[in-house]
Amino acid sequence: MLGPIGPAATLADLAAADLKDATMKSDIHPDYHVIKVMMTDGTTYDTRSTWGNPGDTLNLDIDPNTHPAWTGGTQQLLDRGGRVSRFQKKFAGFGFKA
């Protein structure tokens, strides 16, 4: 039983209250299991994940083998909703070419 928590509480009472609240809850953590990841070139590797069920295969659409951020590709930005053109118009005379 804990002592009084308030102005009359001792340091030991406060420490015991903190420890009681800091205990980990049981049965709230997701299942962490092994899955297979398939890259766009067909290669696979096993990793641990909370995605899917044990033994499932995660097929990637984009990975380091195909994404221009890793391959140095020269793809252009897609202008969805005119955002790129509005940015270019707004900052046209700012000292750089967009």
Tell me, yes or no, whether the heavy-atom count around Leu58 atom CG, taken from other residues, nucleotides or ligands under 6.0 Å, exceeds 12. yes
Does a side-chain heavy-atom distance below 4.5 Å link Pro54 with Asp31? yes
Are Met39 and Ile62 linked, directly or through intermediate hydrophobic residues, by side-chain heavy-atom contacts shorter than 4.5 Å (ILVMFWY only)? no
According to a 4.5 Å side-chain heavy-atom criterion applied to Ile, Leu, Val, Met, Phe, Trp and Tyr, with indirect links allowed, do Tyr32 and Trp51 form part of one hydrophobic cluster? no
Distance alone, cut at 3.5 Å: any donor-acceptor contact between the side chains of Asn65 and Thr40? no
Leu60 side, atom CG; Thr66 side, atom OG1 - distance, nearest 0.5 Å: 8.5 Å
Side chain to side chain contact (heavy atoms under 4.5 Å, CB included) with Asp46: which residues, sequence neighbours excluded? Val34, Lys36
